[in-house]
Amino acid sequence: MRLVAGSKSLKTLLIASKDEPSIAKIHALMILTGIFGHGNSNAKLIQSYARLGYIESARQVFDKSPQCGVDAWNAMIIAYSRRGAMFEALSLYHRMASEGVRPDSSTYTVVLKACTRSLDLRSGEETWRQAVDQGYGDDVFVGAAVLNLYAKCGKMDEAMRVFDKMGRRDLVCWTTMITGLAQNGQAREAVDIYRQMQKKRVEGDGVVMLGLIQACTTLGHSKMGLSIHGYMIRKDIIMDVIVQTSLVDMYAKNGHLELASCVFRKMLYKNVISWSALISGFAQNGFAGNALQLVVDMQSFGYKPDSVSLVSVLLACSQVGFLKLGKSVHGYIVRRLHFDCVSSTAVIDMYSKCGSLSSARTVFDQISFRDLISWNAIIASYGIHGSGEEALSLFLQMRETNVKPDHATFASLLSAFSHSGLVEKGRYWFSVMVNEYKIQPSEKHYACMVDLLSRAGRVEEAQELIDSMITEPGIAIWVALLSGCLNHGKFLIGEMAAKKVLELNPDDPGIYALVSNFFATARRWDEVAEVRKIMKKTGMKKVPGYSVMEVNGKLHAFLMEDKSHHQYEEIMQVLGKLDYEMKAMGYVPKTEFVLHNLEEEVKERMLCNHSERLAIAFGLLNTGPGTRLLITKNLRVCGDCHEATKFITKIVNREIVVRDVKRFHHFKDGVCSCGDYW
DNA sequence: GTAGGGTTAG
């Protein structure tokens with residue numbers, strides 16, 4: 001090998017080197033030629049070692065250098081910071097002063113970055129003060145770094161204060177503000193800053209657009225998202241994989257799954273994150289089947305699902321009650337990936353929604369770190385299974401920890417009380433939430449309380465609570481009151497609630513179905529017709545009810561009156577036989593749960609064709625005697641099916657678990673765990 | 001000036 005003398009060419013070689021031995025060779029050459037120790041050659045060596053992850057070798061160069069310039073110190077600090085070794089990065093920075101090396105703009109920038117990575121606000125602010133002292137207060141790089149520190153620590157007020165005082169702002173400073181606001185739930189303010197930026201004639205790039213897209217995602221503002229997308233195309237702004245992924249995410253989260261898929265298909269370079277964005281979009285919008293299919297597709301394209309994409313799979317499993325798949329995903333994450341706080345919470349949620357409350361609890365008890373959301377998940381689990389007492393006991397355990405309950409914790413707790421009919425406990429903890437925790441009750445909390453009271457038949461008290469509200473009660477509250485009135489035959493208050501509901505122009509067909517059910521129960525057929533007319537006019541159709549059941553690791557879905565099933569004849573035979581036996585035991589069909597004004601006999605037929613009945617019959621046909629059946633329904637279970645299922649458990653001597661959109665019903669020996677509160 | 005701003009999940 002010919003000796004390469006020039007320091008410049010050695011540095012070029014350094015940049016090209018791909019492994020430790022080749023850097024070491026150049027390192028040796030530098031020592032031989034006497035270049036090492038001059039200029040910033042040691043800084044370049046440190047950078048090269050660090051770039052490939054050889055941080056110990058980098059440190060050796062640093063320690064063995066006769067003297068280190070600021071570049072070498074900076075390179076070493078960056079190396080530690082990138083590796084996540086914040087303590088080493090900071091202690092090097094603190095050592096600089098005693099070794100007589102003056103930090104430069106880069107030093108402050110990278111140290112601030114290190115503090116941001118570890119969310120160390122105190123050290124960050126101290127570094128920022130020192131930077132200002134040393135005359136770097138107007139440096140845009142240092143400025144952007146401190147803005148980002150505040151943004152990542154959730155201190156947007158502080159960021160804004162610094163931003164307002166900045167003499168010079170470049171694109172990165174603007175972007176940091178826009179992204180920071182968007183990620184801290186201040187999406188409108190993010191858009192305001194962008195408008196200011198436009199006024200100053202600063203041209204945005206893809207990263208700015210990404211911040212705006214995130215703002216649209218949280219605002220649910222698909223129109224603006226669409227126009228940003230169009231703007232990028234018109235202005236030829238480069239959309240890399242990150243920007244494109246954020247578009248997929250934005251469209252998917254706003255429910256425009258066709259647009260999301262369209263952007264996704266056109267992406268030339270995809271990665272696991274882009275796949276995950278699309279998968280979670282489908283899962284979150286309730287398209288569990290599509291989400292699961294996408295995971296299969298992803299693998300056939302050579303992408304391995306990671307814990308993030310698997311969390312979406314778990315969500316999909318939760319939605320359809322696919323316990324078998326959920327279990328294997330759980331096993332896979334534990335064995336092969338990182339079972340962190342997020343994935344363990346998703347697993348807890350999956351087990352609980354797939355009917356295995358005890359497995360959910362086991363996972364919860366085993367995990368080493370529990371944050372607010374893990375606690376909320378386990379409390380909510382007991383709630384939907386109707387164990388209000390156990391939900392409360394977990395809440396009391398949570399109070400012993402450092403994790404502070406939030407509005408969602410109380411929403412789950414109150415709803416747990418509601419499902420268990422624990423009215424007094426609900427009243428008590430509602431007041432604790434307000435008085436001790438100073439949590440302003442939201443619409444959701446009021447809805448829970450109204451639900452709790454009116455489920456228990458105390459609709460007058462519920463109405464009093466509504467009257468005490470400072471804010472205008474929203475639709476969820478009137479709906480809760482109305483369902484209570486429907487279940488307890490309180491037609492006077494019910495009528496008032498029904499009118500309020502209709503005034504608020506709900507866009508959910510399920511709500512119209514409830515109003516219509518209410519009037520049907522009151523035998524007010526004119527009003528029923530009126531509601532149906534509104535539904536027709538606004539082009540709304542009742543969401544078709546369906547039930548899903550897993551048998552032998554495969555999912556089977558049933559729609560109401562589903563004749564397409566290959567076992568339809570056998571299913572009808574089973575139902576006919578059950579119907580006969582049920583009636584002999586005293587079962588009377590509750591035909592008031594049918595929407596239409598039809599002949600009694602037709603109504604009865606429609607009832608026994610409800611999707612959950614078909615699923616039960618299918619389960620009885622295809623599983624061994626004594627096997628527990630788990631059925632997942634997309635709507636609330638109807639009152640008649642609820643009654644019938646109780647009879648069926650007695651006849652066939654089986655446990656039947658039905659999960660509806662609100663909670664679990666464990667039917668056994670003619671009784672339901674909900675105690676007929678639901 | 002490979003120093004600062006960026007993607008998915010409970």
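Reminder, nothing fancy here: chain letters follow the sequence lines and each chain counts from 1. Hydrogens, waters and symmetry mates are skipped; everything else that's a heavy atom, side chains included, is used. Just so it is clear, the structure is predicted and the values come from calculations on it, not from any experiment.
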Exercise. Return the nearest nucleotide to the side chain of A:Val207; candidates are B:dG5, B:dG4, B:dT8.
Key: B:dG5
Practice problem: Remember a base hit wins even if backbone is also touched, and classify A:Ser106 as base, sugar-phosphate or nothing at under 4.0 Å, heavy atoms. | Solution: base
Practice problem: Identify which nucleotide among B:dA3, B:dG6, B:dG4 has an atom closest to any side-chain atom of A:Gln214, counting heavy atoms from C-beta outward. | Solution: B:dG6
Exercise. For A:Asp240, answer base if it contacts any base atom (sugar-phosphate contacts may also be present), sugar-phosphate if it contacts only those atoms, and nothing otherwise; contact means non-hydrogen atoms under 4.0 Å.
Key: base
Practice problem: Using a heavy-atom cut-off of under 4.0 Å over every strand shown, decide if A:Val243 touches base, sugar-phosphate, or nothing. | Solution: base
Self-check item: Base B:dG10 paired with A:Thr345 side chain (donor-acceptor, <3.5 Å)
Solution: yes
Practice problem: Mark yes or no for a side-chain to base donor-acceptor pair under 3.5 Å between A:Thr175 and B:dG5, with no hydrogen or angle criteria applied. | Solution: yes
Practice problem: Would you kindly check whether a donor in the side chain of A:Asp340 faces an acceptor in the base of B:dG10, or vice versa, at under 3.5 angstrom? | Solution: no
Quiz item: What is the nucleic acid contact for A:Ser105, judged by heavy atoms within less than 4.0 Å: base, sugar-phosphate only, or nothing?
Solution: base
Practice problem: Using a 4.0 Å heavy-atom cut-off across all strands, classify A:Val140 as base, sugar-phosphate, or nothing. | Solution: base
Quiz item: Within the structure shown, what part of the strands sits under 4.0 Å from A:Asp170 by heavy-atom distance: base, sugar-phosphate, or nothing?
Solution: base
Quiz prompt | hbond_proxy A:Asp371 side chain to B:dG10 base (donor-acceptor, 3.5 Å cutoff) | solution = yes
Exercise. Indicate, with a heavy-atom threshold strictly under 4.0 Å, whether A:Lys270 touches base, sugar-phosphate, or nothing.
Key: nothing
Quiz item: Has the side chain of A:His385 got a donor or acceptor atom that lies under 3.5 Å from a matching backbone atom of A:Ser352?
Solution: yes
Hey, can you pull the donor-acceptor pairs under 3.5 Å for the side chains in residues 129-138 of chain A, sequence neighbours left out?
unit_1, atom_1, unit_2, atom_2, d
A:Gln130, OE1, A:Tyr93, OH, 2.4
A:Gln134, OE1, A:Arg102, NH1, 3.4

Quiz prompt | Sugar-phosphate only, base, or nothing, as touched by A:Asp139 at under 4.0 Å among non-hydrogen atoms | solution = nothing
Quiz item: With a 3.5 Å cut-off and just heavy-atom distances, do the side chain of A:Thr245 and the base of B:dT7 make a donor-acceptor pair?
Solution: yes
Quiz item: Could you give all pairs that pass the ring pair (Phe, Tyr, Trp, His ring centres under 6.0 Å) test and reach residues 341-362 of chain A, with sequence neighbours left out?
Solution: A:His330-A:Tyr351
Quiz prompt | Check: A:Met398 main-chain N/O paired with A:Arg370 side-chain donor or acceptor under 3.5 Å | solution = no
Quiz item: If you look at every strand shown and take non-hydrogen atoms under 4.0 Å, does A:Ser374 touch a base, only sugar-phosphate, or nothing?
Solution: base
Quiz item: Between A:Phe264 and A:Trp275, is the ring centre distance below 6.0 Å?
Solution: yes
Quiz item: Can you check the A:Trp174 CH2 to B:dG4 P distance for me, whole Å?
Solution: 22 Å
